[in-house]
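Both backbone and side-chain heavy atoms feed into the values below; hydrogens, waters and symmetry mates do not. Nothing here was measured: the structure is a model prediction, and the numbers come from that model. Order of the sequence lines fixes the chain letters, A, B, ..., with proteins taken first and strands second; residue numbering starts at 1 for each chain.
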Amino acid sequence: MSSAAPPGTTFLTGWGRTSPTPARLVRPATAEQVAETVRRAPERGVAARGLGRAYGDAAQNAGGLVVDCTALTSWSLDEATGLVTAGAGLSLHDLMAALVPRGWFVPVTPGTRHVTVGGAVAADVHGKNHHVDSSFGAHLRSLTLVTAGGGIRTLTPADDLFWATVGGMGLTGVIVEAVFRCVPIETSRVRVDTERTRDLDHTLETMAATDDRYRYTVAWIDLLARGGRMGRSVLTRGDHAAREELPRGADPLEFAPRALVKAPPWAPDGLLNPLTVRAFNEAWYLKSRPGTSVQGLAPFFHPLDFVDGWNRAYGPRGFVQYQFVVPFGQEATLRRIVARLSAEGVVSFLTVLKRFGPGTPGMLSFPMPGWTLALDIPAGQRGLAGLLRAFDAQVAEAGGRIYLAKDSRMAAGTMAATYPRLAEWRKVRDEADPDGVFRTDLARRLGL
Amino acid sequence: MRNALGSVDTVLLLGGRSEIGLAIVERLVRDGARRVVLAARGATGGEPPVIGDAEVHLLDFDASRPETHGEVIEAAAKLVGDLDVVIPAFGVLGRQADYDADPVAAAEAVAVNYGGHVSAGLYAARRLREQGHGTLVVLSSVAGIRVRRANFVYGSAKAGLDGFAQGLGDALHGSGARVMVVRPGFVVGRMTEGMTPAPLSSTPGQVADAVVAGLRSGAETVWVPGALRAMFAVMRVLPRAVWRRMPR
């Protein structure tokens with residue numbers, strides 16, 4: 001990272017590689033060791049960290065202690081019920097590698113497999129099936145949490161602390177284990193319908209009209225298309241394929257995804273610029289032939305995992321990921337923001353639009369019924385702070401909100417205005433952690 | 001916490017009535033800062049000024065009493081939490097002729113312009129190092145880059161301060177805390193009232209704009225205006241015989 005850390009500390013950033021801060025990093029091997037670490041928490045507090053895929057400062061703790069949970073990787077599957085008990089540090093990648101050949105799939109996966117179970121709970125992550133299956137928290141049976149006093153508690157959905165922890169960004173304690181229900185699958189393939197839309201209205205209409213026919217849907221938007229083509233998209237919608245849809249002789253449950261390319265560590269700022277991104281977008285739009293095909297799980301769910309370390313392509317200044325949701329009925333706000341992004345020529349490598357279904361009872365959980373748009377922008381882009389602040393105001397006005405797992409720059413006031421259950425969450429958190437043992441840079445920035 | 005795009009949340013201004021200092025604070029508040037501490041002599045007697053919609057606190061601060069500087073930094077942190085930006089903006093300019101006439105006054109001015117910044121800077125650095133983040137903004141001056149005979153008491157204090165700030169910045173490297181050195185030329189404002197502006201002068205607002213831009217980009221050194229960097233690359237190597245003849 002940018003500077004050498006003092007002995008015993010490490011500079012940490014999120015996936016966007018902005019705002020590095022130093023912390024002492026420990027990697028306990030058991031839940032009991034996590035508890036022991038929390039009991040000896042330093043004055044600057046403790047933060048939990050998984051694979052560092054939150055884009056901003058959610059798993060950083062400047063001057064304090066960070067508990068790297070990635071050694072907590074135990075798991076077991078009850079084949080009769082599909083219930084999985086997993087250590088918080090287990091990645092969805094490793095979990096899929098274990099489950100898929102046995103005929104099971106995770107209930108929710110975000111756009112990358114390289115997140116941990118603990119992170120999936122703390123951010124209450126969503127995937128392409130949100131419109132039917134909601135987010136990760138909806139599938140949880142129980143959680144095991146190391147609390148502020150260093151105790152180990154098992155929580156169920158009947159506990160307030162459970163729903164303060166789901167989506168609670170690790171600020172209620174260190175999640176050490178989760179039990180959740182998985183989905184039976186016949187094959188490790190997805191039957192995918194691809195369709196190209198002309199413009200944003202066509203995209204929204206098509207998604208609204210056809211979403212409920214598929215378990216998984218998403219639209220990739222070409223943000224650089226302007227004028228009459230503004231908001232043109234590639235819709236991909238799929239379902240787990242049945243055995244008879246596979247060619248004869250194929251191993252129906254094979255799962256061997258691999259990263260094909262490694263992003264160069266020396267990627268200069270500006271490698272992703274309007275020219276290269278426009279070329280990429282054009283190529284992506286054209287190569288996405290309409291029709292039906294059978295694809296592997298990985299290419300369908302995790303296209304970004306094909307380039308290992310793709311976040312480096314934005315160069316040393318890093319990038320900002322912006323994801324908001326606006327409720328149904330507020331499409332005008334979505335249109336206005338897309339139009340502005342398109343007019344500004346914002347260089348977003350992958351911009352994704354998704355229709356959300358009902359959320360979970362997670363007090364700080366992000367999803368709500370409506371439209372969510374996610375994009376990434378190089379941090380060095382001129383005027384970016386003002387542009388995003390203007391979007392924040394429009395999103396708040398529309399009754400929407402910004403996703404904490406992606407955020408690295410929202411103002412505390414915006415957070416307070418857009419998460420209506422924040423006060424309730426604070427009350428539960430203050431009871432569970434009266435002395436503020438669990439602290440992150442995100443919590444400091446947003447005044448949580 | 002400084003966010004991904006360089007906006008900050010809390011600011012401590014030491015020398016809480018400084019024109020340049022307040023101009024910086026106003027801009028940081030416009031940029032999203034929510035909590036401000038203004039520390040100045042006799043500050044707690046008055047009403048805090050309104051700065052945007054920020055929460056503004058006042059603290060008593062005397063630059064000439066280094067033994068109190070540590071308490072002021074801690075009191076500020078108690079009021080607003082982590083200090084994202086600390087700006088020691090106190091100082092006196094004075095006239096060289098007056099210093100020639102009154103060497104004690106000269107020593108007192110240097111004690112504020114240099115010594116005061118050393119104690120305040122070191123206490124602030126200690127706090128920022130513990131936090132693992134934060135920026136100390138040091139208001140140096142081109143007067144200290146090459147000291148002129150026309151104001152060598154003031155200039156020599158600024159020379160000391162500039163060197164101090166660079167050394168402190170290097171000492172903090174790797175701690176997460178940073179020092180940003182600001183080198184304005186002649187600043188047209190209250191402090192220089194009645195003086196004829198030198199070439200490449202700036203206003204407190206322009207200095208503040210440059211500071212805020214530097215905080216955003218993470219700059220180590222900011223010249224205001226930027227052209228002074230090149231100008232002083234030349235000035236620094238002018239022969240002594242020529243430099244001595246500089247009219248002011």
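- Ranked by heavy-atom pairs under 4.5 Å with chain A, the list His133(B), Arg2(B), Arg34(B), Gln131(B) is led by Gln131(B).
- The two atoms that bring Leu5(B) and Ala379(A) nearest to each other are CD2-O, 3.7 Å, heavy atoms only.
- Only the backbone of Glu130(B) has a heavy atom closer than 4.5 Å to any heavy atom of chain A.
- In terms of non-hydrogen atom pairs under 4.5 Å with chain B, the most contact-rich of Gly413(A), Ala62(A), Ala412(A) is Ala62(A).
- Ala411(A) does not touch chain B: none of its heavy atoms, backbone or side chain, sits under 4.5 Å away.
- More than 12 non-hydrogen atoms from other residues, nucleotides or ligands lie less than 6.0 angstrom from CZ of Arg336(A).
- A 6.0 Å sphere centred on CD of Glu67(B) holds more than 12 heavy atoms belonging to other residues, nucleotides or ligands.
- When all heavy atoms of Gly176(B) and Pro22(A) are compared, the closest pair comes out as CA-CD, 3.9 Å.
- Within 6.0 Å of CD on Glu55(B) lie more than 12 heavy atoms contributed by other residues, nucleotides or ligands.
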**Message:** For a side-chain contact (heavy atoms from CB on, under 4.5 Å) check, start with the C-alpha distance between Asp82(B) and Arg44(A), then their side-chain angles and the critical distance, and finish with the verdict.
**Reply:** CA-CA 10 Å; Asp82(B) 282 8; Arg44(A) 297 280 299 170; 2.7 Å; yes
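- Counting non-hydrogen atoms of neighbouring residues, nucleotides and ligands closer than 6.0 angstrom, the CZ atom of Arg24(A) reaches no more than 12 such neighbours.
- Summarising the local packing, CD of Glu220(B) is surrounded by 12 or fewer heavy atoms from other residues, nucleotides or ligands at distances under 6.0 Å.
- Only the side chain of Leu388(A) comes within contact range of chain B, with at least one heavy atom under 4.5 Å from a heavy atom of that chain.
- Note on Arg445(A) versus Asp84(B): no salt bridge recorded, every NZ/NE/NH1/NH2 to OD/OE distance being 4.0 Å or above.
- To the nearest 0.5 Å, atom CG of residue Asp9(B) and atom CG of residue Leu446(A) are 9.0 Å apart.
- The two residues Ala4(B) and Thr18(A) make their nearest non-hydrogen contact at CB-OG1, 3.3 Å.
- The closest donor-acceptor contact from the side chain of Arg389(A) to the backbone of Asp31(B) lies under 3.5 Å.
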